There are 2 protein chains.
Amino acid sequence: MTHFNERLGAGGFRFTPQRQRVYEVLMETRDHPTAEEVFIRAKKRMPEISHATVYNCLDALVQSGLARQVTLERGATRFCPNMEEHCHYHCEDCGEVFDVALPKNSTLLPRPKGFKIARYDIAVHGVCADCAAKAKK
Amino acid sequence: MTHFNERLGAGGFRFTPQRQRVYEVLMETRDHPTAEEVFIRAKKRMPEISHATVYNCLDALVQSGLARQVTLERGATRFCPNMEEHCHYHCEDCGEVFDVALPKNSTLLPRPKGFKIARYDIAVHGVCADCAAKAKK
DNA sequence: CTATATGCAAATAGTTTGCCTGTTA
DNA sequence: TAACAGGCAAACTATTTGCATATAG
């Protein structure tokens with residue numbers, strides 16, 4: 001997991017088992033967990049890990065470009081380790097969040113002059129195919 | 001303010017002075033206030049208004065299409081009454097949020113089959129022109 | 001007149017902090 | 001061995017809830 005160490009280091013963060021564990025959790029199940037969910041999953045194999053540490057680790061991962069925050073609605077912030085350009089499709093029925101790659105050269109974003117774009121988040125809300133099918137029955 | 005009443009009614013909500021006041025607050029200053037900020041401003045001209053009522057009213061406005069929620073980062077949800085297609089440009093230096101209209105026919109969003117899009121939020125993070133200028137000095 | 005909304009206060013998330021101990025580089 | 005990070009518990013902030021009272025339609 002050398003990419004992990006490099007990234008952490010580049011961000012000015014040290015390697016710790018907790019950070020690794022939190023990253024593993026994100027990579028294992030790509031379901032955009034909340035910090036609380038990450039905490040519960042991380043705890044399964046690292047029972048001493050604390051709440052505060054999970055928040056710390058998530059911050060470190062976000063700051064070193066290993067994860068993103070996703071804030072969809074009121075409620076807990078979610079996290080995902082997919083660093084490619086993508087949007088989040090959020091099903092309002094089942095609550096699932098799907099990553100959808102952005103088409104290359106999508107001429108989408110306005111570039112107001114002077115504004116330096118660092119990153120952007122696109123969240124699309126609606127109803128997923130499965131839930132739409134169920135609703136029809 | 002007939003548009004307001006129509007909208008509320010269509011959403012299945014009753015007119016109340018509190019809802020009107022909350023909507024006024026959003027319309028007066030388009031600075032994407034948090035619920036707490038709305039509460040403080042609403043209270044100035046309606047001292048009896050309560051915290052819970054402000055949250056209620058904001059929900060009613062969102063559900064009847066009179067306002068949108070904007071969730072930018074960890075922290076409080078913000079609200080805006082601009083219902084046109086637009087993105088939010090968020091300056092990480094000064095914290096301001098600017099509305100920027102989306103170009104017509106921007107072919108931006110992937111349409112994964114089966115997914116019924118209800119609405120989407122585009123948040124662009126970076127540094128605004130003013131802050132960039134200040135940083136250079 | 002009745003369903004719905006408000007006001008209040010207390011409860012419940014979600015997140016951060018302080019302080020002391022442990023660990024990485 | 002000197003920062004930096006973790007653990008724990010408590011503090012804070014954001015949001016929700018329960019219930020009695022008020023009010024819009």
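Keep in mind that the numbers below use all heavy atoms, side chains included, and drop hydrogens, waters and symmetry copies. Chain letters run A, B, ... following the sequence lines, proteins first, then strands; residues in each count from 1. Keep in mind that what you see is a predicted model, and the values were worked out from it rather than measured.
Using a 4.0 Å heavy-atom criterion, one finds that B/A52 contacts the bases of the nucleic acid, with or without backbone contacts as well. As judged by a 4.0 angstrom heavy-atom cut-off over every strand, B/T34 is placed among residues making no nucleic acid contact.
Side-chain nitrogen and oxygen atoms of B/T53 include none within less than 4.0 Å of the OP1 or OP2 phosphate oxygen of C/dA5. Taking only side-chain nitrogens and oxygens, A/Y55 never comes nearer than 4.0 Å to OP1 or OP2 of C/dT16. In this model, the phosphate group of C/dG14 is not approached by any side-chain N or O of B/R74 to a distance below 4.0 Å at OP1 or OP2. Phosphate proximity of C/dG14 to A/T77: absent, as no side-chain N or O sits under 4.0 Å from OP1 or OP2.
Side-chain N/O atoms of A/R14 and base N/O atoms of D/dA3 include a donor-acceptor pair closer than 3.5 Å.
There is no side-chain donor-acceptor pair under 3.5 Å between B/H32 and B/E96.
Under 4.0 Å is where a charged nitrogen must lie from a carboxylate oxygen, and between A/E28 and A/R21 at least one such pair does. Remark: A/E92 engages B/R119 in a salt bridge, criterion side-chain N to carboxylate O under 4.0 Å. Using a cutoff of 4.0 Å between basic side-chain nitrogens and carboxylate oxygens, B/D93 and A/K116 are not scored as salt-bridged.
The residue among A/H51 and A/T16 whose nearest nucleotide of DNA chain D lies closer to the 5′ end is A/T16. Closest-nucleotide positions on DNA chain C for A/F13 and B/P47 were compared, and the one nearer the 5' end corresponds to B/P47.
Hydrophobic cluster membership differs between B/F4 and B/M83, with clusters built from Ile, Leu, Val, Met, Phe, Trp and Tyr side chains linked at under 4.5 angstrom.
The CG-P distance, from B/N56 to D/dA24, rounds to 16 Å in whole Å. We find that CZ of B/F15 is positioned 14 Å from C1' of C/dT6, with the value rounded to whole Å. Here the C1' atom of nucleotide C/dT16 and the CG atom of A/D59 are 10 Å apart, to the nearest Å. As rounded to whole Å, 14 Å separates atom P of C/dT6 from atom CZ of B/F39. Atom pair A/E73:CD and C/dA13:P shows a separation of 19 Å (rounding to whole Å applied). For the pair B/R19 CZ and D/dA22 P, the computed distance is 19 Å after rounding to whole Å. Taking atom CD of residue A/Q18 and atom P of nucleotide D/dA5, one finds them 11 Å apart after rounding to whole Å. Atom-to-atom, CD of A/E36 to C1' of C/dT16 comes out at 14 Å; the value is rounded to the nearest Å.
Which of C/dT15, C/dT6, D/dC8 sits closest to the side chain of A/S50 comes down to D/dC8. Looking at the side chain of A/A35, the nearest of the listed nucleotides D/dT15, C/dT15, D/dA5 is C/dT15. Considering only the side chain of B/P17, D/dA24 comes nearest among C/dT15, D/dA24, D/dG6.
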